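Before any comments, here is the structure.
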Amino acid sequence: MNPSAETPVGERRRGLQRAVVDWYRRESRELPWRAPERTPWQVLVSEIMLQQTPVARVLPVWRRWLERWPEPSDLADASPADVVRAWGRLGYPRRALRLHAAAQSIRDEHGGRVPDDHAALLALPGIGAYTAAAVAVFAFGQRHTVVDTNIRRVEARLVSGRALPSRSLTAAETRLAEELLPDDVAESVAWNQAVMELGALVCTARSPRCDECPVQDECAWVAAGRPPAEKTPRGQAWKGTDRQVRGAIMAVLRAAEEPVPRPLLLADVVSAEQLAAQHPSPPDVVVEHLTKLWHLPAPAEQRERALAGLLADGLAAQDDGAVSLPA
DNA sequence: CAAGCGTGGTA
DNA sequence: TTACCAAGCTT
């Protein structure tokens with residue numbers, strides 16, 4: 001390769017790569033799933049837990065999870081109820097069920113080892129484009145284009161000069177990420193990790209710390225005077241939604257050692273007292289969560305719908321009029 | 001492609 | 001306090 005043949009674009013690209021990777025070596029967090037002795041299973045578990053969930057909340061659950069189920073086959077042999085309870089309050093508990101199903105697939109179809117093939121990873125339940133690439137890159141050191149929310153935001157600002165990426169992943173974004181990815185395998189791994197960390201620590205969504213950014217002089221968004229986002233992203237609804245009711249029901253089921261009579265789950269604050277008198281009094285922990293559920297301003301129809309959804313998703317099971325976590 | 005899916009910290 | 005946001009996936 002003749003250096004004089006290097007294009008200006010290629011030179012800039014390599015300058016960005018060096019600056020961001022050097023920054024990563026100085027400033028990155030020491031996270032257990034990045035330790036040299038990490039296993040692919042540990043990486044996979046971390047990636048599932050980190051979907052839409054902050055690092056600080058994942059750390060303690062991740063440690064206990066892998067202490068209890070150190071290999072995929074260990075998790076595969078567990079019951080869904082134990083899995084959902086161990087998931088605790090990480091949120092999106094369907095992720096726990098999918099991780100459980102993925103572990104069973106790994107045990108039954110991959111000899112108990114996390115597959116290192118991108119397509120095989122993608123075929124596992126709960127693993128999409130991002131997670132398949134992340135495991136292939138961070139666990140197996142392969143060269144793939146990783147596109148997560150951090151990388152999208154960094155590249156939107158750095159190259160496109162926009163404050164925030166579009167609502168959904170576009171083909172142009174994927175193409176840009178592919179173009180920026182170093183050709184060398186080891187460098188591509190470092191780049192993926194470094195850009196993601198830059199987005200998490202410096203190039204954050206709300207209050208970016210551009211004064212600490214290693215490529216602020218190269219940033220198109222900074223050069224443009226940091227213009228605000230065109231369309232303010234729509235926040236996720238919560239109050240009054242089925243999700244809120246589902247969450248409250250799941251809290252009851254996680255706390256309950258015994259199946260909970262369906263009428264108790266579906267009761268509201270008005271009818272709860274007389275209904276409770278007809279049933280054996282549950283433990284205080286359960287009552288605490290039941291009380292929160294009863295006090296939700298949710299009509300009976302919505303409570304029914306929320307429970308039906310949980311049953312359909314396999315997050316709850318019903319037997320003889322009583323509801324519990326799936327055995 | 002947009003909607004739906006949990007939870008808790010932070011501005 | 002309300003609203004946004006956090007290493008997405010599935011339908």
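As the structure is a computational prediction, the values presented were derived from the model and not from experiment.
- For Q193(A) (side chain) and Y24(A) (main-chain N/O), no donor-acceptor pair under 3.5 Å exists by modelled atom type.
- Comparing L124(A) and W33(A) along DNA chain C, the residue whose closest nucleotide (by nearest heavy atom) sits nearer the 5' end is W33(A).
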Tabulate atom names and distances for all N/O pairs under 3.5 angstrom spanning the protein and nucleotides 9-11 of chain B.
{"from": "dG9(B)", "atom 1": "N2", "to": "R206(A)", "atom 2": "NH2", "distance (Å)": "3.3"}

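- Among the heavy atoms of the strands lying under 4.0 Å from A129(A) are primed sugar atoms or P, OP1, OP2 only; no base atom is included.
- Closest contact between the side chain of L31(A) and the listed nucleotides dA7(C), dG6(B), dG8(C) involves dA7(C).
- Note on A205(A): only backbone sugar-phosphate atoms sit closer than 4.0 angstrom, heavy atoms only; bases stay farther off.
- Y92(A) has its OH atom 12 Å from the P atom of dC9(C), to the nearest Å.
- Of the residues in residues 285-300 of chain A, none lies under 4.0 Å from DNA chain C by heavy-atom distance.
- The nearest whole Å value for the distance from the CZ atom in R95(A) to the C1' atom in dC5(B) is 10 Å.
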Hey, can you pull the donor-acceptor pairs under 3.5 Å for the side chains in residues 306-327 of chain A, sequence neighbours left out?
{"from": "D313(A)", "atom 1": "OD2", "to": "R94(A)", "atom 2": "NH2", "distance (Å)": "2.9"}
{"from": "D313(A)", "atom 1": "OD2", "to": "R246(A)", "atom 2": "NH1", "distance (Å)": "3.2"}
{"from": "D313(A)", "atom 1": "OD2", "to": "R246(A)", "atom 2": "NH2", "distance (Å)": "2.8"}
{"from": "Q318(A)", "atom 1": "OE1", "to": "R262(A)", "atom 2": "NH1", "distance (Å)": "2.9"}

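- Among the nucleotides dA7(C), dG6(B), dT10(C), the one closest to any side-chain atom of R98(A) is dT10(C).
- L90(A) comes within 4.0 angstrom of a base, heavy atoms only.
- Checking the phosphate oxygens (OP1, OP2) of dA7(C), no side-chain nitrogen or oxygen of T131(A) falls inside 4.0 Å.
- The same atom, P, is picked in dA3(B) and in dA7(C); the two are 22 Å apart, to the nearest Å.
- In this structure, W87(A) and L99(A) approach most closely via the heavy-atom pair CZ3-CD2, 4.3 Å.
- Whole-Å rounding puts the Q302(A) CD to dG4(B) C1' distance at 13 Å.
- When each of N192(A), V137(A), L181(A) is tested with T145(A) by the rule side chain to side chain contact (heavy atoms under 4.5 Å, CB included), just one qualifies, namely L181(A).
- Sorted pairs that involve residues 258-314 of chain A and meet ring-ring contact (aromatic ring centres under 6.0 Å, His included), not counting sequence neighbours, are lacking altogether.
- Between the side chains of Y130(A) and E47(A), at least one donor N or O sits under 3.5 Å from an acceptor N or O.
- Residues S168(A) and R94(A) both approach DNA chain B. Their nearest nucleotides, taken by heavy-atom distance, put S168(A) toward the 5′ side.
- Between R107(A) and D77(A) there is a salt bridge, since a side-chain N of the basic residue sits under 4.0 Å from a carboxylate O of the acidic one.
- Legend: residues meeting ring pair (Phe, Tyr, Trp, His ring centres under 6.0 Å) with W69(A), ordered by chain and number and at least two apart, are W65(A).
- Residue R246(A) places at least one side-chain N or O under 4.0 Å from the OP1 or OP2 atom of dG6(B).
- Between Q52(A) and dA6(C) there is no side-chain N or O to OP1 or OP2 distance below 4.0 Å.
- Nucleic acid contact for R305(A): none, since no nucleic acid atom lies under 4.0 Å from a heavy atom of the residue.
- dT10(C) atom P lies 13 Å from atom CG of L99(A), rounded to whole Å.
- Atom-to-atom, CG of L201(A) to P of dA6(C) comes out at 13 Å; the value is rounded to the nearest Å.
- For the pair L97(A) CG and dT10(C) C1', the computed distance is 14 Å after rounding to whole Å.
- Listed nucleotides: dA7(C), dG8(B), dC5(B). Nearest to the side chain of D242(A): dC5(B).
- Residues passing the salt bridge (charged side-chain N to carboxylate O under 4.0 Å, His left out) test with R305(A), sequence neighbours excluded: D242(A), E301(A).
- Following rounding to the nearest Å, D313(A) (CG) and dG6(B) (C1') show an atom-to-atom distance of 13 Å.
- Nearest nucleotide to the R153(A) side chain, out of dG6(B), dA7(C), dC9(C): dA7(C).
- Between R34(A) and E197(A), at least one side-chain nitrogen of the basic residue sits less than 4.0 Å from a carboxylate oxygen of the acidic one, meeting the salt-bridge criterion.
- E155(A) and S160(A) share no side-chain donor-acceptor pair at under 3.5 Å.
- Residue T149(A) places no side-chain atom within donor-acceptor reach of the base of dG8(C), judged by atom type and a 3.5 Å distance cut-off alone.
- Residue contacts shown for R254(A) are limited to sugar-phosphate atoms, with no base heavy atom under 4.0 Å away.
- One can find a donor-acceptor pair under 3.5 Å joining the base of dG6(B) and the side-chain atoms of R243(A).
- If you take OH of Y130(A) and C1' of dT10(C), they are 18 Å apart, rounded to a whole angstrom.
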